[in-house]
Amino acid sequence: MSDPSDFQRLFDLDQDPAFIVGPDGRVERANAAARSVLGQDPRGADLASFVPGDGTQLALFLDRCSGTRRPLPAAFALKAADGEARRLQWQGVLLSPGTATLPPRLLLRCRRRGVEEFSILGRKIEELNREVGQRRRLQVELVEALAQKDMLVRELQHRVKNHTQMLMGMFREAGRKGESAELERFIETTLTRLHAIGTAESYMYRMLEWQGIDARELIPGLCQAIAASWPEHAAIAVAADDVELRNDQAVPLALILHELLANALRHGLKFGPGRVDVKLQREGPRASLTVEDSGTGATIPEAERAHGGLALIRGLCRQLGGVFSVDRQPHTRCIITWCSGAEAGAV
Amino acid sequence: MTGRPATGDPQARAPSLLIVEDDWFIATDIRAIATEAGYLVVAMASSADEAVAAALAHRPDLALLDIRLVGERDGIDAALEIRRHLETAILMVTAHEDEALRRRLAPAAPRGWLLKPFSQPQLLAAIKAALEPCAATP
């Protein structure tokens with residue numbers, strides 16, 4: 001490569017800034033990358049004029065490079081054309097020893113790409129770290145908020161259940177005074193209704209599904225709880241389809257079921273043991289609850305029809321947007337139908 | 001077991017109960033239901049310390065314990081301590097129920113777990129079932 005222009009072309013192929021300098025720092029050649037960074041051809045200039053500082057460190061580095069063919073590292077900034085001092089990693093090596101007529105020449109190469117890429121990478125890592133930190137803080141806050149919500153729900157559950165129990169205790173205490181049979185009957189009915197409400201509430205909280213309740217769990221659980229409250233046990237058979245109830249439907253339905261079961265046990269099976277069938281069925285958007293007893297179908301007293309359980313059933317049925325019907329042949333069969341789950345809003 | 005089972009034998013006494021409940025209305029209601037049914041309520045307590053002291057003093061056949069009590073310790077702490085000293089049967093009567101609580105209580109080998117709100121027949125059935133392995137009901 002005797003042609004200096006060939007050497008320059010080869011020199012220019014290097015993507016990193018590179019200089020060939022004398023031991024005193026005078027620039028003999030600069031490649032294209034170096035010229036691009038400096039915004040000028042520094043040939044003939046003192047390299048120290050492009051390096052911030054008083055030049056002492058650069059002079060020491062050049063002196064050390066003059067004595068070795070093994071590349072030596074250094075870190076200097078280079079004043080770029082835009083006025084910014086770019087911190088670069090340098091490597092210096094003796095390119096050719098001096099002769100009687102020619103001074104020694106040193107090759108200095110700046111690893112711009114590596115430093116800048118590391119710098120960009122470093123900034124990205126910093127940004128990612130900040131984002132990860134923010135996300136972690138957010139996650140901690142969310143976990144704390146969820147734990148607090150869980151604690152509040154548990155506290156609410158506890159209070160509702162305890163207060164229901166407390167109310168039941170107060171009613172029982174009033175009933176113990178035994179002032180009249182009518183009062184005792186009223187208290188007993190209120191107690192079993194409160195128990196039905198409490199049972200429905202406990203299923204709502206147990207499921208913790210605030211959008212809906214699976215009636216397949218609720219109805220058998222209610223039947224079991226209601227049946228356990230009646231000393232005169234009857235066989236209660238429950239069959240329930242997959243019906244989703246909204247939370248605001250659970251308590252009215254529990255009370256309706258309670259009244260229908262109470263009527264079946266109190267009046268339908270008045271003259272002897274029997275069986276009560278409870279069916280929850282789904283037909284498209286509508287659901288139906290059927291309570292049928294195997295008894296002889298004793299007549300419900302007129303006063304109770306107007307003001308008692310039947311009036312309650314009709315009122316709650318309206319609240320559900322449903323329809324109530326009774327078939328008394330051959331046994332008493334009560335049916336309520338309503339729109340279940342999300343469709344109920346259309347009623 | 002500390003108590004003798006109540007049988008048809010007129011010499012036998014009714015099974016004795018300790019009620020541990022911090023809510024006064026609920027505690028007195030349980031006492032009234034149990035007493036009407038013929039059980040002997042030997043003491044009532046509203047904290048774990050009171051419960052343990054009453055159990056050691058009266059050695060009841062059955063302790064009915066709520067979980068939330070007055071003071072630092074809860075009904076499970078009380079049940080575990082009672083069972084370290086006595087063979088008193090344990091029936092939890094509480095609004096709480098989850099696997100973690102059941103695991104904590106497991107060393108006390110509870111005879112039942114009655115959830116609030118409960119009806120009178122449910123309470124009596126739970127007491128009867130808890131006493132059944134060792135004693136007849138009154």
Side-chain angles (χ1 to χ4, degrees), chain A residues 150-151 153-178 184 187-208 221-233 251 254 258 261-262 265, chain B residues 17 19-39 41 44 46 64-70 74-76 91-102 104 112-130 132 137-138:
Chain A
D150 192 48
M151 195 183 73
V153 169
R154 282 173 189 277
E155 182 61 27
L156 186 66
Q157 282 180 26
H158 182 262
R159 288 190 185 192
V160 168
K161 289 176 183 177
N162 257 323
H163 289 171
T164 308
Q165 191 68 55
M166 199 174 77
L167 278 173
M168 290 171 72
M170 290 163 92
F171 273 103
R172 257 193 296 268
E173 182 57 28
R176 283 185 193 107
K177 295 191 171 94
E184 274 183 36
I187 287 172
E188 190 189 320
T189 305
T190 306
L191 276 172
T192 52
R193 285 174 182 168
L194 269 176
H195 189 229
I197 293 171
T199 305
E201 293 273 358
S202 66
Y203 270 88
M204 283 160 65
Y205 292 128
R206 193 181 300 174
M207 292 175 187
L208 283 179
L222 276 166
C223 286
Q224 197 181 15
I226 294 166
S229 300
W230 285 82
E232 60 273 31
H233 276 292
V251 168
H258 168 264
L261 272 178
L265 295 167
Chain B
L17 311 184
I19 297 168
V20 186
E21 167 66 64
D22 65 333
D23 189 297
W24 183 81
F25 275 111
I26 298 173
T28 52
D29 186 41
I30 293 173
R31 181 178 61 185
I33 293 171
T35 306
E36 280 168 13
Y39 292 101
V41 177
M44 289 168 70
S46 60
L64 293 86
L65 294 117
D66 188 11
I67 289 181
R68 273 203 196 177
L69 299 174
V70 173
D74 66 12
I76 294 181
L91 171 63
M92 300 310 290
V93 182
T94 176
H96 292 284
E97 186 200 32
D98 65 43
E99 272 310 305
L101 292 174
R102 284 184 184 271
R104 259 186 74 206
W113 197 292
L114 179 63
L115 284 177
K116 295 173 185 172
F118 53 81
S119 64
Q120 180 168 326
Q122 282 178 320
L123 174 64
L124 292 175
I127 293 174
K128 182 181 173 190
E132 246 166 18
T137 51

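Only a predicted model underlies this, so the values are computations on that prediction, with no experimental measurement involved. Proteins come first, then strands; the chains are lettered A, B, ... in the order of their sequence lines, and each starts at number 1.
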For the CE atom of A/Met166 and the CG atom of B/Asp29, what is their distance to the nearest 0.5 Å?
11.5 Å
Within the 4.5 Å heavy-atom criterion, are A/Thr164 and B/Lys116 side-chain neighbours or not?
no
With heavy-atom distances below 4.5 Å as the criterion, would you say the side chains of A/Glu173 and B/Thr28 are in contact?
no
When A/Met170, A/His163, A/Gln165 are each screened for side-chain contact (heavy atoms from CB on, under 4.5 Å) with B/Phe25, the one that passes is A/Met170
Quick check on the interface: out of A/Val160, A/Ile197, A/Asn162, who has the most heavy-atom pairs with chain B under 4.5 Å?
A/Asn162
Locate the shortest heavy-atom distance separating [X] from [Y]; write the atom from each residue and the value.
{"X": "B/Gln122", "Y": "A/Ala225", "value": "NE2-CA, 3.8 Å"}
{"X": "B/Ser119", "Y": "A/His195", "value": "N-NE2, 3.6 Å"}
{"X": "A/Met168", "Y": "B/Pro117", "value": "SD-CB, 3.9 Å"}

Select one option (side chain, backbone, both, neither) describing which atoms of B/Ala125 are under 4.5 Å from chain A's heavy atoms.
neither
Is it the backbone or the side chain of B/Ile67 that comes under 4.5 Å from a heavy atom of chain A, or both, or neither?
neither
Before you tell me yes or no, could you show the steps for A/Leu191 and B/Gln120 under side-chain contact (heavy atoms from CB on, under 4.5 Å), namely the whole-Å CA-CA distance, both residues' side-chain angles and the distance that decides it to 0.1 Å?
CA-CA 9 Å; A/Leu191 276 172; B/Gln120 180 168 326; over 6 Å; no
Below 4.5 Å from any heavy atom of chain B, which atoms of A/Arg159 appear? Answer side chain, backbone, both or neither.
neither
Looking at A/Arg154, I want to see if its CZ is surrounded by more than 12 non-hydrogen atoms of other residues, nucleotides or ligands under 6.0 Å.
no
